[in-house]
Amino acid sequence: MDVDLTPKLAKQIYGGDGGSYHAWCPNELPMLKEGNIGAAKIALSKNGFALPRYSDSAKVAYVLQGCGVAGIVLPEKEEKVITIKKGDAIALPFGVVTWWYNKDDTELVVLFLGDTKTAHKAGSFTDMYLTGSNGIFTGFSTEFVSRAWDVEESVAKTLVSSQTAKGIVKLDAGFQMPEPKQANRDGMVLNCEEAPLDVDIKGGGKVVVLNTKNLPLVGEVGLGADLVRLDGSAMCSPGFSCDSALQVTYIVRGSGRVQVVGPDGKRVLEAHLKAGNLFIVPRFCVVSKIGDPDGMDWFSIITTPNPIFTHLAGKTSTWKALSPQVLQAAFKVSPDVEKLFSSKRTAEEIFFPPPN
């Protein structure tokens, strides 16, 4: 496998007093283009406002830090204004219009991971802004804008040209944004830090899986996701996606080691991971991670809304399902060695606590 899988940090694309927009470039992380995946994040300072926009890609948004307010308009639906906070995951189908606002002192940081098969450029998101110096209506003549909005041409010119900033602005401290409604979160948001755990192994780790059952909109996005919290020095079982899905992983907190093995038993990645790194596991490749003493959390998308994984260690692994004779023949070992192997990892699954 010749594609460089080295984990990368995002680079700032633009920014100002209100905040900044960062993205991972397919030229530096080629698997983005190979897998038709985009990755970006916004960081909003106090009173930072990310102008209304829509994207050429379906995405999952994950709030990495802070709290704030978001506006979401699904095609031909009313705007839903929602509170957002650390741990929130939001499915954003193709064609949805969003805006983001931070009124607190703590920086609001939101990660976006998505599918770029409909995008202008494979491996990159292209946002279409409704206003600002690069807003779509700056490209229309004043005549077209005034007729579309049924206003005088002077009013149309004011509406289109008054906002001279691009993408993210800083609002006046006293500006009143619309108030969010708690009911609007229902069906729109799942907080992965508060949701019921799908996996909880003492000394090993915890998992919350985002799928069509707990957030139906991910079916429209076509992506699944999960938040994994690996305990200190614990190991995540070697495994692979058995439905040809790609795994796109962002390290949220902590650090650790990762190894990925591809075709012909070749190790295609060995790296030390830290917060802010993004890396991609190609289809059918086997991946395993070991956390450093402080543990490691990551948020991943999987390019199918209901992913299925096969694990190669632990009590639910494929090896535990195979008969002793097959194991002896496959490993070319004696029954004694096979029995020793089969007697291990009979209780642990997916995560393995550190050795005593």
Side-chain angles (χ1 to χ4, degrees), residues 1-10 24 28-35 37 39 113 199 201 203-207 209 224-303 307-320 322 327 330-331 341 344-345 348-356:
M1 183 174 292
D2 296 329
V3 179
D4 182 9
L5 302 179
T6 305
K8 301 291 185 182
L9 297 171
W24 283 266
E28 295 186 355
L29 190 57
M31 273 303 301
L32 290 172
K33 186 174 182 179
E34 292 280 334
I37 296 295
L113 302 175
V199 177
I201 297 175
K206 301 174 177 63
V207 181
V209 178
D226 59 20
L227 175 66
V228 180
R229 286 171 278 181
L230 189 65
D231 291 343
S233 302
M235 180 180 190
C236 183
S237 169
F240 65 94
S241 170
C242 54
D243 48 8
S244 76
L246 289 166
Q247 300 174 61
V248 185
T249 299
Y250 177 88
I251 306 301
V252 175
R253 184 203 65 82
S255 58
R257 293 177 289 147
V258 62
Q259 292 186 357
V260 178
V261 176
D264 298 323
K266 302 292 185 182
R267 190 183 307 158
V268 295
L269 175 65
E270 180 168 13
H272 187 261
L273 302 168
K274 61 182 181 179
N277 279 156
L278 184 86
F279 73 100
I280 300 174
V281 179
R283 291 177 173 89
F284 298 112
C285 287
V286 179
V287 59
S288 182
K289 307 178 191 75
I290 297 178
D292 285 343
D294 62 344
M296 182 167 61
D297 300 350
W298 63 85
F299 184 79
S300 298
I301 63 163
I302 304 95
T303 55
I308 301 172
F309 288 95
T310 292
H311 293 278
L312 300 178
K315 73 173 186 178
T316 58
S317 74
T318 299
W319 291 115
K320 297 300 183 186
L322 292 172
L327 292 177
F331 282 123
F341 170 74
K344 302 294 185 179
R345 296 291 184 215
E348 308 95 340
E349 55 179 306
I350 304 178
F351 299 125
F352 311 139
N356 295 326

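In what follows, every heavy atom counts, from backbone to side chain, and hydrogens, waters and symmetry copies are set aside. The shown structure was predicted, so the numbers you read here are calculated from the model rather than taken from an experiment.
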Self-check item: R253: side chain to side chain donor-acceptor pair (under 3.5 Å) partners, not counting sequence neighbours
Solution: D297

Quiz item: For T318, which residues count as a side chain to side chain donor-acceptor pair (under 3.5 Å) partner, sequence neighbours excluded?
Solution: none

Counting only pairs under 3.5 Å, give me each side-chain donor-acceptor contact of residues 271-282, with atom names and distances, residues two or more places apart or in other chains.
from, atom 1, to, atom 2, distance (Å)
H272, NE2, D292, OD2, 2.7
N277, OD1, K274, N, 3.0

Quiz item: What residues form a ring pair (Phe, Tyr, Trp, His ring centres under 6.0 Å) with W298, not counting sequence neighbours?
Solution: none

Self-check item: Value rounded to 0.5 Å, distance of CG in L5 from CZ in R267
Solution: 13.5 Å

Quiz item: With P293, which residues qualify under side chain to side chain contact (heavy atoms under 4.5 Å, CB included), at least two apart?
Solution: S233

Quiz item: Considering residues at least two apart in sequence or located in another chain, which fulfil the salt bridge (Lys or Arg N to Asp or Glu O under 4.0 Å) criterion with K320?
Solution: none

Quiz item: Who passes side chain to side chain donor-acceptor pair (under 3.5 Å) against S300, sequence neighbours left out?
Solution: T249

Quiz item: Which pairs pass salt bridge (charged side-chain N to carboxylate O under 4.0 Å, His left out) with one or both residues in residues 226-240, sequence neighbours excluded?
Solution: none

Quiz item: Taking atom NZ of K315 and atom CD1 of I350, what is their separation to the nearest 0.5 Å?
Solution: 10.0 Å

Exercise. Under the side chain to side chain contact (heavy atoms under 4.5 Å, CB included) rule, collect the residues that match up with L327, sequence neighbours excluded.
Key: W319, L322, F331, E338, F341, S342

Practice problem: Quick one: pull up CD1 in I301 and CG in L113 and give me the separation to the nearest 0.5 Å. | Solution: 4.5 Å

Quiz item: For E34, which residues count as a salt bridge (Lys or Arg N to Asp or Glu O under 4.0 Å) partner, sequence neighbours excluded?
Solution: none

Quiz item: With V286, which residues qualify under side chain to side chain contact (heavy atoms under 4.5 Å, CB included), at least two apart?
Solution: P238, F240, L312

Quiz item: Taking atom CD of E270 and atom OG1 of T6, what is their separation to the nearest 0.5 Å?
Solution: 11.5 Å

Quiz item: Under the ring pair (Phe, Tyr, Trp, His ring centres under 6.0 Å) test, which residues partner F299, sequence neighbours left out?
Solution: Y62

